[in-house]
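Only one structure is covered here, and it is reproduced in the block below.
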Amino acid sequence: MKHTPTIRAELDRYLQQKGLSLTQFGHIADMNRGAVSAIVTGNKPLSVNQLDRITEAMGLPEGYFYDLFVENYIIDHPPNMRRIEPFLYRCAELDKFGVIRRVVGVIMDNLLYSPKLFDIAEELLAQGRHDAALILYENVAEVEKYQHSERLAICQYRMFTIQIGDDQSRNLRVATLFEPYVERLNEIDQLDALKDLANVYRSLRKWDKVDEVARKMRAKAEIQYSMKHQYKSREYDEATRKLSRPMFVYIAYADLLCASVCDAQGDYQQALQYTYAYADLDWVKETDDNTLYWVKLYQDWARCNIYVNKLLSGDISVLPDYVEYIAGTAHTMESEKLSKLLNVMIAANRFQLDVNDILKRFEMIIDSFVQQPSSDMYTHQVVPEQTTCFKYELAKYYLNRGNYSYGFKYLLDVLSKSLANNKESFFIRCIKLFEQFKQFADVRTFIKYESLVSVGQRERLFYY
């Protein structure tokens, strides 16, 4: 049988090699002689704080003995959360994810430890240590998968939000896995969960799912908003404070999402009706500053989207007013301005409009808006999608107008990003557009195009 080394033996060997007494080493490690003696003789369990001091005093990298710590003090020992909890936090700080998995694997046979590990995961999430938190959520969810508990649903929600990223194929899998758990969350948490789920489906252009989730969110939000004003209890107020938005926003946002579905389907008249609905918020009862901020925001969005729906339906007369509106929103984030300019490009390509002057006017925004960090589920999912759309529309516009250097530049960029992020629909659209204009591509452009397409075929990501 293989002999497992011990931290105690490693320390004892080090002391002998260096010729250090327990007292001398204690001074180096900032520990008293008795504590060092207890560790060497094995008379006292080792804490993670003591382990870190010993490791540093021996001149070894942080976390050097963590695997041995698991072997010596956790495996084949009754779980001691007073020792395990600080050890997990320290492993998270050092990105020792493999060690975390080992520890959790040892103790998760017993359901009694599930609540504590869930609490640790919540704290790690609050600290921004998402990768470590994900390991704990996954394990808690696994052992509680037959319990049908709210904690299981929360774990699934946390796993969903942590795993959403740039890979759209993965996002679809994650959203599909999470959706059945939404109804198991409490009624208040369901609103944010549905909002986040809708945003992911929106980025994936799964319009049927966006419509379904939006309608469900609206129905639930209307019930909760009515209850909020019918039962004015302290407990209910505390529960609603957990929401990321004022409660009325979920009703208005559902209308905005339904409008976006109609936009995608080309039904601009119906989209206008939904837009008028979230523009009229006279029914909102709250009058606090946060409420007024959101009301103004939705009214501003409505004004913008009224222009958009009229423009995309063919009413070109609103284009000058829409452009002035975009230019006049100096306070608006550049990402939002780009999303507004996207509508200009769609209209330009649809109705063969010359928008060179508009592109020149907003040249700095267009050139600078790349690689911006995202802060929440909306900006992380919808804004990158809009950026890809904008570049595709730019490519289409320039190619149609004979500006092939710019057209192919943007087209190959979208093709590359689509390959990296598994955006199959854009990849296929780019291929079709390139084939339409390939006779105008220079040798370098053609070589890069062929290389990207061959990668897509080799990885079997795209079929067309």
Side-chain angles (χ1 to χ4, degrees), residues 4-8 38-39 42-55 62-163 174 177-178 180-186 188-190 192-193 239 242:
T4 301
T6 64
I7 297 170
R8 179 171 60 85
I39 293 167
N43 292 329
K44 184 180 179 181
L46 186 64
S47 71
V48 67
N49 179 265
Q50 291 174 324
L51 178 60
D52 285 340
R53 292 186 182 189
I54 289 171
T55 304
E62 287 184 296
Y64 182 84
F65 287 123
Y66 279 17
D67 280 307
L68 270 185
F69 186 84
V70 177
E71 296 283 348
N72 297 170
Y73 298 100
I74 297 179
I75 293 178
D76 297 329
H77 288 74
N80 182 339
M81 292 308 296
R82 292 180 63 184
R83 181 182 301 116
I84 291 172
E85 181 176 357
F87 183 59
L88 288 174
Y89 282 120
R90 189 72 179 112
C91 286
E93 289 177 18
L94 299 179
D95 294 341
K96 295 281 187 178
F97 304 129
V99 178
I100 293 175
R101 288 189 181 91
R102 290 188 68 199
V103 174
V104 175
V106 170
I107 67 175
M108 283 308 290
D109 287 339
N110 192 331
L111 271 172
L112 292 175
Y113 298 106
S114 181
K116 185 60 182 176
L117 285 181
F118 175 80
D119 290 341
I120 295 172
E122 292 282 89
E123 178 59 29
L124 289 173
L125 185 68
Q127 295 174 4
R129 304 189 186 282
H130 294 176
D131 291 336
L134 179 61
I135 297 170
L136 300 189
Y137 287 128
E138 287 174 338
N139 279 272
V140 173
E142 177 62 25
V143 299
E144 295 201 2
K145 61 184 177 182
Y146 302 118
Q147 304 302 311
H148 302 285
S149 64
E150 184 182 339
R151 182 165 54 240
L152 170 62
I154 295 173
C155 283
Q156 294 291 344
Y157 185 23
R158 302 288 190 258
M159 290 156 58
F160 164 71
T161 56
I162 291 171
Q163 293 180 92
V174 170
L177 287 171
F178 167 60
Y181 292 92
V182 172
E183 296 286 342
R184 299 191 197 179
L185 294 166
N186 70 53
I188 300 298
D189 288 338
Q190 285 181 29
D192 269 325
K242 296 191 301 180

Next on the checklist: Could you check whether any side-chain heavy atom of Arg102 comes within less than 4.5 Å of a side-chain heavy atom of Ile74, counting everything from C-beta outward?
Outcome noted: no

Checklist entry - Distance from Asp52 atom CG to Arg90 atom CZ, nearest 0.5 Å? => result 4.5 Å

Checklist entry - Could you go step by step and tell me if Val99 and Phe87 meet the side-chain contact (heavy atoms from CB on, under 4.5 Å) rule? => result CA-CA 10 Å; Val99 178; Phe87 183 59; 3.7 Å; yes

Next on the checklist: For a 4.5 angstrom cut-off between non-hydrogen side-chain atoms, does Ile84 reach Tyr113?
Outcome noted: no

Checklist entry - Heavy atoms, side chains only, cut-off 4.5 Å: are Tyr89 and Val48 in contact? => result no

Item to check | Nearest-0.5 Å distance, CE of residue Met108 to CZ of residue Arg101 | outcome: 14.5 Å

Checklist entry - Can you check whether Phe69 and Tyr73 have ring centres sitting under 6.0 Å from each other? => result yes

Item to check | Between CG on residue Leu136 and CZ on residue Phe118, distance to nearest 0.5 Å | outcome: 11.0 Å

Checklist entry - When rounded to the nearest 0.5 angstrom, what distance separates OG1 in Thr55 from CZ in Arg53? => result 12.0 Å

Checklist entry - Side chains of Arg129 and Glu93: does their closest heavy-atom pair fall under 4.5 Å? => result yes

Checklist entry - Between Leu177 and Phe160, is a side-chain contact (heavy atoms from CB on, under 4.5 Å) present by the stated rule, with each step listed? => result CA-CA 8 Å; Leu177 287 171; Phe160 164 71; over 6 Å; no

Checklist entry - Is it true that a side-chain atom of Asn72 and a backbone atom of Ile7 form a donor plus acceptor pair closer than 3.5 Å? => result yes

Next on the checklist: Just to verify, what does Glu122 make a side-chain hydrogen bond (donor to acceptor under 3.5 Å, both in side chains) with, not counting sequence neighbours?
Outcome noted: Tyr137, Arg158

Checklist entry - With sequence neighbours excluded, what pairs up with Arg151 under the salt bridge (charged side-chain N to carboxylate O under 4.0 Å, His left out) test? => result Glu144

Checklist entry - Distance from Ile107 atom CD1 to Leu117 atom CG, nearest 0.5 Å? => result 4.0 Å

Checklist outcome for this item: In short, Ile135 meets Asn139 closest at the heavy-atom pair O-ND2, 2.7 Å

Item to check | side-chain contact (heavy atoms from CB on, under 4.5 Å) evaluation trace for Leu68 with Thr6 | outcome: CA-CA 7 Å; Leu68 270 185; Thr6 64; over 6 Å; no

Item to check | Over 12 foreign heavy atoms within 6.0 Å of OH, Tyr64 | outcome: no

Item to check | Least distance between heavy atoms, Ile162 atom then Ala133 atom | outcome: CD1-CB, 4.5 Å

Next on the checklist: Using side-chain heavy atoms (C-beta onward) and a distance below 4.5 Å, is Lys145 in contact with Gln156?
Outcome noted: no

Checklist entry - Is a salt bridge present between Lys242 and Asp192, judged by a nitrogen-to-oxygen distance below 4.0 Å? => result no

Checklist entry - Does the Gln190 side chain pair with the main chain of Leu185, one donor and one acceptor, at a distance under 3.5 Å? => result yes

Checklist entry - So, do Leu134 and Met159 sit near enough that their side-chain heavy atoms are less than 4.5 Å apart? => result yes

Item to check | Minimum side-chain heavy-atom gap Pro86-Asn49 below 4.5 Å | outcome: no

Checklist entry - Once you round to the nearest 0.5 Å, how far does CZ of Phe97 lie from CG of Asp131? => result 4.5 Å

